[in-house]
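The sequence lines fix the lettering, A, B, ..., with proteins before strands; numbering per chain opens at 1.
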2 protein chains.
Amino acid sequence: MTSSTSQPRHIHVAGELRQRIMRRDYAIGQSLPAESALCAEFGVSRGPVRQALATLKNEGLIQLSQGKPAVVRSHDATQTLDTFTPFTQWARRNGRTAGSRTLEVARRRVSEPAMVALDLNADDFVVDVVRVRLLDGEPAMIERSTFIDSVGSLLFEFDTDSGSMTDYLASRGVYFDSMEHVLDAVAAARVDAENLGIDPGSPLLRERRTSRDQDGRVFEYADDRYRPDLVAFSIVNARTIDARS
Amino acid sequence: MTSSTSQPRHIHVAGELRQRIMRRDYAIGQSLPAESALCAEFGVSRGPVRQALATLKNEGLIQLSQGKPAVVRSHDATQTLDTFTPFTQWARRNGRTAGSRTLEVARRRVSEPAMVALDLNADDFVVDVVRVRLLDGEPAMIERSTFIDSVGSLLFEFDTDSGSMTDYLASRGVYFDSMEHVLDAVAAARVDAENLGIDPGSPLLRERRTSRDQDGRVFEYADDRYRPDLVAFSIVNARTIDARS
DNA sequence: CAGTGGTCTAGACCACGGC
DNA sequence: CCGTGGTCTAGACCACTGA
């Protein structure tokens with residue numbers, strides 16, 4: 001009877017340990033309890049415990065090595081693969097307020113790059129959403145999302161300035177299951193510059209994203225451009241627990 | 001008696017499946033054999049098979065879902081967390097030739113940003129290595145690495161133009177175990193522009209990297225600047241097999 | 001040397017997918 | 001409905017760590 005109705009044990013263990021680490025119960029460099037101790041404490045076998053530790057390792061929180069217990073590496077999971085969490089959630093987690101100013105929501109024929117990414121035909125319709133995203137009130141990013149028609153049509157019933165589009169889509173049964181990101185740099189176009197309050201030609205960090213739902217279907221293509229003085233991407237590239245060769 | 005002396009079974013299974021996928025034995029969208037079939041074929045229990053599948057999922061090669069076998073998502077693992085493999089290896093894997101033109105290898109007192117990243121004192125010595133990295137003969141990136149003294153001193157016995165610094169360090173017992181990357185964009189400084197053959201002020205993709213060895217010690221800090229017209233970072237952000245909350 | 005994590009097995013139960 | 005993957009257990013062996 002630990003907490004909610006029925007959560008997989010390894011998730012519960014991971015959550016509990018993550019909380020302790022972020023609460024700074026352990027100093028950086030300090031060891032976690034041995035696996036056997038964790039098994040005893042949580043009343044589970046080694047499987048779930050090891051799965052939980054693998055999760056924390058992937059989040060960059062701990063360091064695993066053979067022969068000795070896991071060691072705390074970092075107190076916050078901000079810098080993670082999960083840095084690619086949706087803008088709103090990311091801001092909230094970092095104690096900042098996210099805002100949004102919608103420039104347009106339009107149903108139209110698909111553009112060239114989106115057509116390729118979404119695997120559509122030239123005469124297919126899509127829904128484009130262009131928004132300026134604010135961090136603590138300041139323009140930090142300009143986001144150009146293109147959704148396949150079936151998903152995009154849901155957005156006309158949604159106030160795109162009000163909150164998290166991700167949460168809204170999830171409530172309508174569309175989950176972001178995996179995303180593919182391509183990162184590079186571009187010079188700010190005139191529109192970009194005007195909306196972000198910077199000089200044309202100054203460097204922007206660009207993220208082009210392809211999102212898939214739980215069934216592996218691509219449903220979003222996005223071109224996001226960030227002001228590098230306000231936002232940077234941080235990624236922990238821990239050798240995956242099982243990738244060695 | 002499958003292959004080498006004694007390789008963990010899950011690594012062998014992952015390698016075999018990876019090879020089949022990249023060899024295009026399965027079309028994209030096609031299902032892999034069921035876990036039970038894989039168990040039978042490789043003569044192992046479900047544990048190793050599932051660990052192998054988790055690896056491939058993390059590499060973005062397959063899609064896992066409950067109730068049905070894994071589905072092939074991509075034929076090549078180029079776009080992976082492992083995109084952060086060392087430059088030389090990355091180039092080789094993509095069928096391109098990597099080159100290197102060393103600008104300097106110098107032992108000197110640590111610079112401000114490296115001091116912070118490496119957790120050193122202002123009067124500590126480090127070894128700076130500045131190189132222009134070439135792709136098929138063309139300048140693609142300028143790399144400024146700073147190594148802690150004990151590691152950097154190894155580099156004076158190494159021809160930094162000859163091959164992979166990573167491989168060389170590994171041969172001397174220094175392994176890159178995990179790295180932390182911060183990505184943003186900067187305008188090309190005059191030096192950058194000259195060495196990369198571009199205009200000053202044009203946008204560059206910057207990667208600042210902190211590398212740790214197998215014991216979790218930070219030993220390298222690097223500031224790499226890429227020409228965005230030649231290189232982009234590609235990352236697959238699959239929901240980790242065990243991270244759900 | 002004893003304790004630890006890395007790996008593996010055999011068997012089990014459940015929730016979900018598709019027929 | 002049966003087969004699938006998601007999860008879990010109990011027990012085992014080995015390689016490595018550190019006193």
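With respect to B:Glu157 and B:Arg172, a salt bridge is recorded, a charged nitrogen being found less than 4.0 Å from a carboxylate O. Using a 4.0 Å cut-off between charged side-chain N and carboxylate O, A:Asp149 and A:Arg107 make a salt bridge.
Distance, B:Leu38 CG to D:dG3 P: 17 Å, rounded to whole Å. Regarding A:His12, its NE2 atom lies at a distance of 12 Å from the P atom of D:dC8, rounded to whole Å. Counting to the nearest Å, the P atom of D:dG6 and the CD atom of B:Gln51 are 14 Å from each other. Remark: P of C:dT4 and CG of A:Leu53 are 14 Å apart, rounded to the nearest angstrom. Atom CG of A:Leu64 is separated from atom P of C:dT7 by 10 Å (rounded to the nearest Å). Atom pair A:Lys57:NZ and C:dG5:C1' shows a separation of 12 Å (rounding to whole Å applied).
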Pull out every protein N or O sitting under 3.5 Å from an N or O of nucleotides 11-18 of chain C, one pair per line with the distance.
unit_1	atom_1	unit_2	atom_2	d
C:dA12	N6	B:Arg46	NH1	3.2
C:dC16	O4'	B:Gln66	OE1	2.9

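When each of D:dG6, C:dC8, C:dT4 is scored by its nearest atom to the side-chain atoms of B:Glu35, the top-ranked nucleotide is D:dG6. In the set C:dT4, C:dT9, D:dC8, C:dT9 carries the atom at the smallest distance from any side-chain atom of B:Pro48. Of the candidate nucleotides C:dT9, C:dG5, D:dT7, C:dT9 has the atom nearest to the side chain of B:Val44. When the nucleotides D:dC8, D:dT4, C:dT4 are ranked by their closest atom to the side chain of A:Ser45, D:dC8 comes out on top. Side-chain atoms of B:Arg50 lie closest to D:dG6 of the nucleotides C:dC8, D:dC8, D:dG6.
Residues B:Tyr221 and B:Phe147 keep their aromatic ring centres 6.0 Å or farther apart. Taking the six-membered ring for Trp and the full ring otherwise, A:Tyr226 and A:Phe233 have centroids separated by under 6.0 Å.
Side chain of A:His75 to main chain of A:Arg23: no donor-acceptor pair is present (N/O by atom type, distance under 3.5 Å, no hydrogens or angles).
Between B:Thr210 and B:Glu180, the side chains place no donor N or O within less than 3.5 Å of an acceptor N or O (distance only, hydrogens not considered).
Evaluated for a side chain to side chain donor-acceptor pair (under 3.5 Å) with A:Glu16, the options A:Arg20, A:His12, A:Arg18 yield exactly one hit, A:Arg20.
Proximity of B:Arg9 to the phosphate of C:dT7: no side-chain N or O atom is located under 4.0 Å from OP1 or OP2.
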